[in-house]
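All values below come from the heavy atoms of this structure, side chains included, with hydrogens, waters and symmetry mates left out.
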Amino acid sequence: MPDRAPQPVDRQLPTDEARDLISLVRDIAQREVAPAAAEEEDAGRFPRELFTLLSESGLLGLPYDAEHGGGDQPYEVYLQVLEELAMARLTVGLGVSVHTLASYALAAYGTKEQQAEHLPAMLGGGLLGAYCLSEPASGSDAASLRTRAVRDGDHWVITGTKAWITHGGIADFYTVMARTGEEGPRGITAFLVPGDAEGLSAAAPEKKMGMKGSPTAQVHLDGVRVSDSRRLGEEGQGFAIALSALDGGRLGIAACAVGLAQAALDEALRYAAERRQFGRPIADFQGLRFMLADMATQIEAGRALYLAAARLRDAGRPFAKQAAMAKLHCTDTAMRVTTDAVQILGGYGYTADFPAERYLREAKVLQIVEGTNQIQRMVIARHLAGPESR
């Protein structure tokens with residue numbers, strides 16, 4: 001390998017335990033995740049066995065309490081684990097982020113009894129979760145959701161359709177937001193729905209331009225009955241729970257975006273060091289060197305931004321604005337960096353023989369999921385200038 005080959009990211013980690021954890025993740029990523037990534041993405045294959053391995057390795061519950069099988073890790077560490085996984089394969093990094101998002105409502109708002117009953121299996125028992133907020137007619141305007149839960153004695157009957165659900169059809173549990181009361185955000189309640197509940201089904205996965213290995217599907221709830229013991233939080237608290245979950249989830253997306261961008265930069269560096277034109281490596285040409293410098297700078301800025309937001313969260317301080325900023329900047333960065341990586345590889349970058357074109361296709365969705373980047377700008381502006389005048 002040429003001397004200018006990319007090196008592992010030099011991470012600032014708070015403990016020796018965290019450094020050991022990153023070493024474990026890098027080993028899993030290199031041995032188990034990266035080798036089959038291109039082939040499985042092309043085939044649209046979800047690597048469920050990898051998620052079993054990640055669960056057995058303690059990587060599906062990192063930011064949650066050890067009492068229930070979590071890893072007791074700060075977000076500062078958990079997000080860097082996501083970045084390492086996303087560098088190897090975005091489907092895996094994003095899948096861990098979505099699972100963590102789906103577990104949040106129970107971990108943060110569930111009763112002690114609910115947590116003791118369900119969290120150990122969710123965090124370390126091999127289960128996989130999905131988060132159900134969006135619907136066919138309510139995406140950015142999530143508070144207008146139509147899925148309804150009607151009380152029937154000590155049960156609820158849930159009917160409706162959720163859309164754009166990562167792990168839809170393969171998840172073992174779904175955190176579902178449904179309307180139990182008035183219109184608007186105050187009438188929404190959160191429920192923990194088993195993946196094998198009678199009346200729950202999934203449509204065929206969406207055919208996407210990227211992340212083909214990660215199933216995204218509509219989830220239909222046709223009179224699904226769940227006990228009131230599976231209601232998470234108070235009635236009418238669901239939308240607040242959903243938004244709180246998304247603040248952390250957006251940091252997960254930011255970390256995955258940085259991981260994807262880093263993978264694209266590493267590929268561009270490898271190619272530029274090996275490809276020779278006019279008698280020397282193309283990495284010697286100033287125009288290309290400036291592109292690489294800009295790519296690296298944008299990635300470092302994104303990493304610093306998501307880590308700053310994570311440290312606020314770990315300190316118990318407000319971080320919603322910084323989470324929106326991190327999601328916005330890091331996903332826009334991933335789009336720019338993957339585009340430049342294709343350009344550096346030239347004609348080869350446009351072929352499936354090299355991963356750059358896959359990185360470019362995958363980057364686009366990160367600007368859309370868990371709140372489009374236009375929504376992130378609205379969130380940031382509200383923190384800066386207050387709510388819009390009506």
Side-chain angles (χ1 to χ4, degrees), residues 1-38 57 59 73 76-90 92-93 96 254-276 280-308 310 326 329-330 333-346 348-349 354-360 362-363:
M1 185 68 68
D3 292 340
R4 284 174 285 194
Q7 300 298 312
V9 175
D10 182 15
R11 300 197 178 279
Q12 303 300 310
L13 296 162
T15 64
D16 289 338
E17 180 186 11
R19 283 184 279 275
D20 291 341
L21 176 62
I22 290 295
S23 294
L24 169 67
V25 172
R26 283 177 173 166
D27 181 61
I28 291 174
Q30 291 168 6
R31 286 190 300 104
E32 306 291 344
V33 181
S57 303
L59 300 180
Q73 291 296 320
E76 173 186 4
V77 174
Y78 156 68
L79 293 178
Q80 295 188 76
V81 168
L82 284 187
E83 184 188 333
E84 290 284 344
L85 292 172
M87 285 170 61
R89 185 178 178 186
L90 183 60
V92 175
V96 174
C256 286
V258 170
L260 181 65
Q262 185 70 56
L265 173 60
D266 289 349
E267 178 66 16
L269 284 168
R270 274 190 290 268
Y271 183 84
E274 295 172 357
R275 175 69 167 173
R276 298 182 67 86
R280 52 181 172 154
I282 63 172
D284 284 353
F285 295 102
Q286 187 180 75
L288 190 144
R289 294 171 77 88
F290 283 4
M291 289 177 69
L292 294 169
D294 287 344
M295 293 159 74
T297 300
Q298 292 161 14
I299 291 168
E300 286 289 350
R303 184 175 291 122
L305 188 54
Y306 87 63
L307 286 174
H329 174 84
C330 293
T333 289
M335 197 69 224
R336 286 192 297 269
V337 168
T338 55
T339 299
D340 284 349
V342 170
Q343 189 70 22
I344 288 170
L345 269 69
Y348 291 111
F354 290 78
E357 61 86 27
R358 172 165 59 87
Y359 297 155
L360 174 58
E362 291 177 340

Could you pull out the closest heavy-atom pair between T338 and A264, with the gap in Å? CG2-CB, 3.9 Å
Minimum heavy-atom distance A334-A257, with the two atoms named: CB-O, 3.6 Å
Yes or no on side-chain contact (heavy atoms from CB on, under 4.5 Å) for E17 and V77, after CA distance, side-chain angles and deciding distance? CA-CA 10 Å; E17 180 186 11; V77 174; over 6 Å; no
Set out, in order, the CA-CA distance, both residues' side-chain angles and the distance that settles side-chain contact (heavy atoms from CB on, under 4.5 Å) for D284 and R289, then state yes or no. CA-CA 7 Å; D284 284 353; R289 294 171 77 88; 4.1 Å; yes
Roughly how far, to the nearest 0.5 Å, is the CD atom of Q30 from the CE atom of M87? 9.0 Å
So do M335 and L360 actually touch side chain to side chain, heavy atoms under 4.5 Å? yes
Ignoring hydrogens, what is the shortest heavy-atom contact between I28 and S57? Give both atom names and the distance. CD1-OG, 3.7 Å
Classify the ring geometry of Y271 against F354: parallel below 30°, tilted from 30° to 60°, perpendicular beyond 60°. perpendicular
Option from E83, R303, E84, E300 for which side-chain hydrogen bond (donor to acceptor under 3.5 Å, both in side chains) with Q262 holds: R303
Identified side chain to side chain contact (heavy atoms under 4.5 Å, CB included) partner of L21 from the options L13, L59, D16: L59
Under 4.5 Å between any side-chain heavy atoms of Q80 and L307, yes or no? yes
State the OH-CD distance between Y78 and E76, to the nearest 0.5 angstrom. 14.5 Å
L288 to I282 - nearest heavy-atom pair and separation: CD1-CD1, 3.6 Å
Looking only at side-chain N and O atoms, does T339 offer a donor or acceptor that is under 3.5 Å from a partner on R336? no
Where do A254 and A326 come nearest, in terms of heavy atoms and distance? CB-O, 3.6 Å
Any heavy-atom pair between the side chains of Q298 and L265 that's under 4.5 Å? no
To the nearest 0.5 Å, atom CD of E32 lies from atom CG of L85 at 12.0 Å
Salt-bridge test for R358 and E362: reply yes if a basic N is under 4.0 Å from a carboxylate O, no otherwise. yes
Evaluation steps, side-chain contact (heavy atoms from CB on, under 4.5 Å), between M295 and L269: CA-CA 11 Å; M295 293 159 74; L269 284 168; over 6 Å; no
Please check if the number of heavy atoms outside Q343 that lie under 6.0 Å from its CD is greater than 12. no
Walk me through it: do F285 and M291 pass the test side-chain contact (heavy atoms from CB on, under 4.5 Å)? CA-CA 10 Å; F285 295 102; M291 289 177 69; over 6 Å; no
Which atom pair, heavy atoms only, marks the closest approach of A255 to Y306? CA-CE2, 3.8 Å
